[in-house]
Amino acid sequence: MGGAMGGAMAGATGGENGTMARSDVRSPDELAALDSLLTDDERDTAATVRTMLDEHVRPHVAQWYLDGRLPARDLAKLFGDLGLLGMHLQGYGCAGTTATMYGVACRELEAADGGIRSLVSVQGSLAMYAIHRFGSQEQKLEWLPRMASGEAVGCFGLTEPDAGSDPSSLRTRARRDGDDWVLDGTKMWITNGPVADVAVVWARTDEGVAGFVVPTSTPGFSAPEIVGKLSLRASVSGQIVLDGVRLPADAVLPEVIGLRGPLACLTEARFGIVWGATGAIRDCLTTALEYAATRVQFGRPIAGFQLTQAKFADAAAAYAKAVLLAVHLGRVKDAAVRDAQITPELVSLGKLDNVRAALQVARSMRTVLGGSGITADYSPLRHAANLETVLTYEGTQEVHQLIVGKALTGLDAFGS
Ligand SMILES: Cc1cc2nc3c(=O)[nH]c(=O)nc-3n(C[C@H](O)[C@H](O)[C@H](O)COP(=O)(O)OP(=O)(O)OC[C@H]3O[C@@H](n4cnc5c(N)ncnc54)[C@H](O)[C@@H]3O)c2cc1C
């Protein structure tokens, strides 16, 4: 890395012509007094996660992105050592933090890259949460401690080639054969799938949709990687192909039947996205601010142009609003707000607006970087590309509009 960065900085003449030093750049958190929203423990967690990412992820992530690969299993161990995997779950080797603390960690992870946050979200909020909430004691004891430590990687298979926004149309079938279950079907777009040790797979049974804990070494299970992505490239995505996968009777998650199972997991993961999006905004804004402080055109730093400052002011406002919403959701989820309860609709509202805001900011901050902004030396376009996935997965923008619209009007505008 670094070639284009060197070129862009060649015109900078720090200190002359009213040029700012990078150190003059003020943090958007400080400007809006956002750190005051967090407890000392939450701030310490953010600092610890950020330090780890500065050392192990930030120096490499642009190259991983360009290469379209991720050392997911190594990272899982690293994140497990820090207690980030399933960190808001209680017991079974999980850290048992508050939801807000988990959100704070998601903000740092996505500030590094959305693919990194996705690794942690899928592991903790989808795969581990499903087992923790709906699994048997044996399933929990078998998988959760290893998943919390990062020794075992998990994935979550709901989406299918013909069932995306409408999971009720899923076709993967689980049929009884004696005491066993036999699974057939195909899942699509499964994060961590090709590197996972265990998959939580949602399939149709005679009783309704059920979740299955499937060791990926089971004969008939394969997870071919999806290549050629233009978004979330520092993340492993795959299909899951289930070809007569035979599982014992106790492979089913016993505590849930119906789509409310996977939908509850999605609400958990969407909460992390509400926070993650704020990390993408912060990183884009800070990167552009630092660049604009030293990039000189027309004899002055581009940070001094009114049009550039308008972009920064709008981005800082978007950031402050997104953080306020994320903190509010965190406090509600932690039952720290009187007479308020977290609901799927509230999480949808946060996911919808924070991701949309992050995408707008990422695109705007990319323009501040000019030509340098289209290289991997700077993060905004990488974030913008990642956010296209984040806008789509865990419920598209339109799906969240429909959820919020239904909550407001009482009218269901999905489907026929
Ligand atoms: C990189 C990546 C990682 C992913 N990881 C996972 C994972 O780990 N596990 C998993 O199960 N899934 C995962 N997904 C799948 C993701 O959740 C789906 O892509 C998403 O739900 C959308 O489904 P779809 O792609 O089939 O789009 P579709 O459902 O076909 O939607 C296409 C368009 O139609 C719109 N649309 C659909 N229905 C309506 C409606 N009623 N009204 C208005 N507009 C509508 C959508 O909003 C969208 O704009 C991942 C996806 C990506 C891209």
Side-chain angles (χ1 to χ4, degrees), residues 64-65 68-70 72 76 110 113-130 153-172 185-196 198-203 209 211-212 214 216 223-242 259 261-270 272-273 276 348 351-352 355-356 359 382-406 411-416:
W64 294 336
Y65 190 93
R69 68 182 171 84
L70 188 74
E110 189 143 352
D113 191 88
I116 304 297
R117 200 264 309 136
S118 297
L119 168 63
V120 172
S121 285
V122 168
Q123 176 89 349
S125 291
L126 291 178
M128 291 176 72
Y129 179 81
V153 172
C155 66
F156 181 89
L158 178 64
T159 305
E160 299 184 356
D162 296 323
S165 299
D166 177 15
S168 69
S169 60
L170 71 81
R171 287 195 205 141
T172 296
T186 305
K187 297 290 178 182
M188 187 72 187
W189 292 120
I190 307 306
T191 303
N192 299 349
V195 295
V198 61
V200 172
V201 171
W202 299 93
V209 170
F212 292 84
V214 187
T216 58
E225 186 163 358
I226 295 172
V227 294
K229 287 181 298 176
L230 297 176
S231 169
L232 218 69
R233 288 181 57 75
S235 171
V236 187
S237 315
Q239 287 189 305
I240 289 179
V241 180
L242 303 147
L259 277 177
L263 293 180
C265 302
L266 290 176
T267 299
E268 282 299 299
R270 289 166 181 169
I273 293 174
S348 281
K351 199 259 181 186
L352 168 68
V355 176
R356 201 167 47 182
L359 192 50
R382 176 163 52 81
H383 283 302
N386 284 339
L387 286 160
E388 293 290 347
T389 287
V390 183
L391 193 72
T392 293
Y393 73 8
E394 315 269 348
T396 65
Q397 166 178 255
E398 293 76 14
V399 162
H400 291 295
Q401 287 171 321
L402 292 171
I403 292 171
V404 174
K406 181 179 168 192
L411 298 173
D412 184 340
F414 289 88
S416 49

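Each ligand, and each atom within it, is numbered from 1 in the order the structure gives. Values in this document were obtained by computation on a predicted structure and should not be read as measured data. Note that these values count all heavy atoms, side chains included, but never hydrogens, waters or copies made by symmetry.
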Handout entry: Criterion side chain to side chain donor-acceptor pair (under 3.5 Å) on Ser118 and Tyr393, from CA distance to verdict
Key = CA-CA 10 Å; Ser118 297; Tyr393 73 8; 2.7 Å; yes
Practice task
Could you tell me the separation between the CE atom of Met188 and the CG atom of Leu158, rounded to the nearest 0.5 Å?
Solution key: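 Interatomic distance, Met188 CE to Leu158 CG, rounded to 0.5 Å: 14.0 Å.
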If you look at each N/O of ligand 1, which protein N/O atoms lie under 3.5 Å away, and at what distance?
| unit_1 | atom_1 | unit_2 | atom_2 | d |
| --- | --- | --- | --- | --- |
| ligand 1 | 5 (N) | Trp189 | O | 2.7 |
| ligand 1 | 5 (N) | Thr191 | OG1 | 2.8 |
| ligand 1 | 8 (O) | Thr191 | N | 3.0 |
| ligand 1 | 8 (O) | Thr191 | OG1 | 3.4 |
| ligand 1 | 9 (N) | Phe156 | O | 2.9 |
| ligand 1 | 11 (O) | Leu158 | N | 3.0 |
| ligand 1 | 11 (O) | Thr159 | N | 2.9 |
| ligand 1 | 11 (O) | Thr159 | OG1 | 3.1 |
| ligand 1 | 12 (N) | Thr159 | OG1 | 2.7 |
| ligand 1 | 14 (N) | Trp189 | O | 3.3 |
| ligand 1 | 29 (O) | Ser165 | N | 2.8 |
| ligand 1 | 29 (O) | Ser165 | OG | 2.6 |
| ligand 1 | 47 (O) | Thr396 | OG1 | 2.6 |
| ligand 1 | 47 (O) | Glu398 | OE1 | 2.7 |
| ligand 1 | 49 (O) | Glu398 | OE1 | 3.3 |

Practice task
Could you name each residue pair satisfying side chain to side chain donor-acceptor pair (under 3.5 Å) that touches residues 232-241, not counting sequence neighbours?
Solution key: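 Checked against side chain to side chain donor-acceptor pair (under 3.5 Å) - neighbours excluded - the pairs reaching residues 232-241 are Lys229-Ser237.
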Exercise for the section: Can you tell me which residue pairs pass the salt bridge (Lys or Arg N to Asp or Glu O under 4.0 Å) test with a partner in residues 154-169, sequence neighbours excluded? Expected result: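 Salt bridge (Lys or Arg N to Asp or Glu O under 4.0 Å) check on residues 154-169 returns Glu160-Lys187, Asp162-Arg171.
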Problem - salt bridge (Lys or Arg N to Asp or Glu O under 4.0 Å) contacts in which one or both residues fall within residues 392-401, not counting sequence neighbours - result: none
Handout entry: pair Arg117-Asn386: side-chain heavy atoms closer than 4.5 Å
Key =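 No, side chains not in contact.
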